[in-house]
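Here's the structure we're looking at; comments come further down.
Just so we're clear, the structure is a prediction, and the values are computed from it rather than from any experiment.
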Amino acid sequence: MSRTRLIAVLFTAVASALCFATPAGAAPAAPAAGYGFTEGSGMLDLSPGALNRELDAVSRTTATRLRVLVDWSQVEPTRGTFNWSAPDRVINAARAHGLTVLADIAFTPTWAGGGIGPGKTAPPTRAGDFGAFAATVAQRYQSRVNEYEIWNEPNLAFFFGGVANKPQRFAALLRAAYPAIKRVQPNSTIVSGGLSRSVGVDSPPSFLAAVYAAGGGGSFDAVGMHPYVFPGGLRSNPENAWSDVRRVHDLMAAHGDGGKKIWLTEFGAPTNNPLLGGVSPQQQATQIVDVLAAAARTPYVGPAYVYSIRDLANDPTAQVNRELQFGALLTFDFRPKPGAGLLAR
């Protein structure tokens with residue numbers, strides 16, 4: 001190839017790359033309904049100062065949403081006695097930061113049949129008790145919240161008390177909570193509890209098929225999923241984490257729910273020791289942006305929520321326990337992680 005021809009080819013390649021590259025500082029791709037963050041039960045225990053520092057970090061990104069746990073076992077520890085201080089504090093702070101709240105109603109007080117199984121997360125003995133609490137939540141927050149999620153990862157034994165017949169028990173919760181909330185807020189959006197990536201009978205498609213078979217169809221406006229793609233990332237598709245999103249929507253369409261969205265109510269990656277299941281902070285940020293971009297390209301995906309905002313620890317145990325290092329924006333001592341830069345306004 002002549003020198004002139006080589007220069008022309010290189011110039012064309014560089015120009016093409018510049019045309020398709022994301023401009024520096026450009027907002028990340030995201031679903032049309034937006035994205036946000038979620039932090040689980042840990043956020044309920046934060047001091048006001050720490051809570052506001054975390055939400056300030058969220059406000060420096062392009063996120064517009066926050067998923068907040070409303071823990072029934074904490075709010076109503078004895079029947080008829082309510083303590084709303086923890087969810088009130090978080091929901092009010094989120095609203096003050098201009099964030100739309102998705103209230104995740106989950107977990108059972110001992111008096112209603114909870115306090116058993118892994119993590120004390122068993123569903124209630126009587127689904128109607130959960131429905132009554134869901135209605136109470138809607139009554140309290142109807143001026144501040146219009147989106148509700150029912151439970152968290154009910155396809156996993158850990159988050160459903162290790163009970164048998166998980167899909168059937170979960171379908172009962174949906175059938176109780178959906179009409180109860182709708183009577184209070186007819187125009188609210190109700191999302192079925194986000195399904196964890198898994199395989200076999202607990203995989204999201206298999207679990208949701210069993211929920212439909214148990215009569216759970218018609219008791220949700222959207223389906224929740226948690227497509228975590230660590231450690232290998234989106235292309236590695238561990239345990240069908242991302243490809244199951246399409247399979248779930250195909251199942252929904254087969255049941256007449258093709259017009260409903262799939263909400264990604266959790267996704268992210270831990271930054272503990274890579275030899276123990278984690279990824280580097282830069283890989284974490286890249287995986288988050290990749291999933292957001294994939295969600296933006298998928299018309300049946302609704303809002304997406306990154307888990308989480310800040311690491312829960314930075315001592316040596318955090319390198320062993322991946323659950324302590326899911327913070328996408330901040331280290332435990334509030335130093336910014338690479339995700340804070342990639343998601344910045």
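P205 has its side chain within reach of V248: a pair of non-hydrogen atoms, C-beta onward, lies under 4.5 Å apart. The side-chain heavy atoms of L251 and Y212, taken from C-beta on, include a pair separated by under 4.5 Å. Contact of the P28 side chain with the L342 side chain is not registered, since no non-hydrogen atoms from C-beta on lie closer than 4.5 Å. Contact of the V101 side chain with the Y141 side chain is not registered, since no non-hydrogen atoms from C-beta on lie closer than 4.5 Å. Within the 4.5 Å cutoff, the side chain of V211 has heavy atoms near those of the L174 side chain. The shortest side-chain heavy-atom distance between E266 and V306 does not fall under the 4.5 Å cut-off. Looking only at side-chain heavy atoms (C-beta outward), I190 and I150 come within less than 4.5 Å of each other. Counting heavy atoms from C-beta outward, T271 and Q282 have side chains that stay 4.5 Å or more apart.
Using modelled atom types and a 3.5 Å distance limit, the side chains of Q185 and N146 yield a donor-acceptor pair. A donor-acceptor contact closer than 3.5 angstrom links the side chains of N237 and S243.
Here W84 contributes atom CH2 and I91 contributes atom CD1; the two are 8.5 Å apart, rounded to the nearest 0.5 Å. Distance check, rounded to the nearest 0.5 Å: OG1 of T38 to CG of L264 gives 12.5 Å. Here the CZ atom belonging to R322 is positioned 10.5 Å from the CG atom belonging to L276, to the nearest 0.5 angstrom. Here K337 contributes atom NZ and I288 contributes atom CD1; the two are 8.5 Å apart, rounded to the nearest 0.5 Å. Between N314 atom CG and F334 atom CZ the span is 11.0 Å, to the nearest 0.5 Å.
Summarising the geometry of V184 relative to A135, their closest heavy-atom pair is CG2-O, 3.9 Å, with the distance given to 0.1 Å. The two residues G36 and A63 come nearest to each other via the heavy atoms CA-CB, 3.9 Å. For the pair G327 and D311, the tightest heavy-atom approach, listed with the atom from each and the gap, is N-OD1, 2.9 Å. Shown here for A180 and G131, the closest heavy-atom pair between the two residues is CB-O, 3.3 Å. Contact detail for A177 and A134: the closest heavy-atom pair is CB-CB, 4.0 Å. Nearest heavy atoms, A269 versus V279: CB-CG2, 3.9 Å.
Linking Ile, Leu, Val, Met, Phe, Trp and Tyr residues whenever their side-chain heavy atoms come within less than 4.5 Å leaves Y307 and V289 in two separate clusters. Criterion: ILVMFWY side-chain heavy atoms under 4.5 Å apart, direct or through other members. Under it, L69 and I105 are part of a common hydrophobic cluster. With hydrophobic clusters built from ILVMFWY side chains whose heavy atoms lie under 4.5 angstrom apart, Y35 does not share a cluster with W263. The same ILVMFWY cluster, assembled from side-chain heavy atoms under 4.5 Å apart, contains both V137 and F82. Side-chain heavy atoms closer than 4.5 Å link hydrophobic residues (I, L, V, M, F, W, Y) into clusters, and following such links, possibly through other members, connects V68 to F130.
With D71 contributing its side chain and V75 its backbone, the two residues share no donor-acceptor pair below 3.5 Å. Between the side chain of Q287 and the backbone N or O of L234 there is no donor-acceptor pair closer than 3.5 Å. With H249 contributing its side chain and V245 its backbone, the two residues share no donor-acceptor pair below 3.5 Å. Under the 3.5 Å distance criterion, the side-chain polar atoms of R345 are matched with a main-chain donor or acceptor of T61. Distance alone, capped at 3.5 Å, places no donor-acceptor pair between the D257 side chain and the A253 backbone. In this structure, T108 contributes its side chain and A112 its backbone to no donor-acceptor pair below 3.5 Å. A donor-acceptor pair under 3.5 Å is absent between the side-chain atoms of T62 and the main chain of A27, judged by distance alone. A donor-acceptor pair is defined here as one N or O able to donate and one able to accept, closer than 3.5 Å; no such pair exists between the side chain of T298 and the backbone of V301. Q319 places a side-chain N or O within 3.5 Å of a backbone atom of N273 that can act as its donor or acceptor partner. Between the R169 side chain and the P124 main chain, a donor and an acceptor come within less than 3.5 Å of each other.
For the pair K166 and F207, the NZ or CZ position fails the cation-pi test of under 6.0 Å to the six-membered ring centre and within 45 degrees of the ring normal.
For the pair R53 and D56, the salt-bridge criterion is not met [side-chain N within less than 4.0 Å of a carboxylate O]. Under the 4.0 Å criterion applied to side-chain N and carboxylate O atoms, R197 and D202 are not assigned as salt-bridge partners. One finds no salt bridge joining D290 and R235 here, because no Lys/Arg side-chain nitrogen approaches an Asp/Glu carboxylate oxygen to under 4.0 Å. No salt bridge links R67 with E147; every basic N to acidic carboxylate O contact stays at or beyond 4.0 Å. Using a 4.0 Å cut-off between charged side-chain N and carboxylate O, D250 and R247 make no salt bridge.
By the 6.0 Å contact criterion, CZ on R144 is enclosed, its count of non-hydrogen atoms from other residues, nucleotides or ligands being greater than 12.
Using cut-offs of 30° and 60° on the angle between ring planes, the pair F170 and F160 is perpendicular. Relative ring orientation between Y228 and F230 is described as perpendicular, the plane-to-plane angle rising above 60° on a 0-90° scale split at 30° and 60°. Classification of the F159-F107 ring pair by plane angle, with boundaries at 30° and 60°, yields parallel.
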- Message: Test side-chain contact (heavy atoms from CB on, under 4.5 Å) on F158 and E153; report intermediate values, then the result.
- Response: CA-CA 9 Å; F158 182 86; E153 298 187 347; over 6 Å; no

- Query: Would D104 and V70 satisfy side-chain contact (heavy atoms from CB on, under 4.5 Å), going step by step from the backbone distance to the final call?
  - Reply: CA-CA 6 Å; D104 180 21; V70 180; over 6 Å; no

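A centroid separation of less than 6.0 Å is found between the aromatic rings of W111 and W72.
When the options R183, K182, R175 are evaluated for a side chain to side chain contact (heavy atoms under 4.5 Å, CB included) with P179, the one that passes is R183. Between Y305 and the options R65, H226, E149, E39, a side chain to side chain donor-acceptor pair (under 3.5 Å) holds for only R65.
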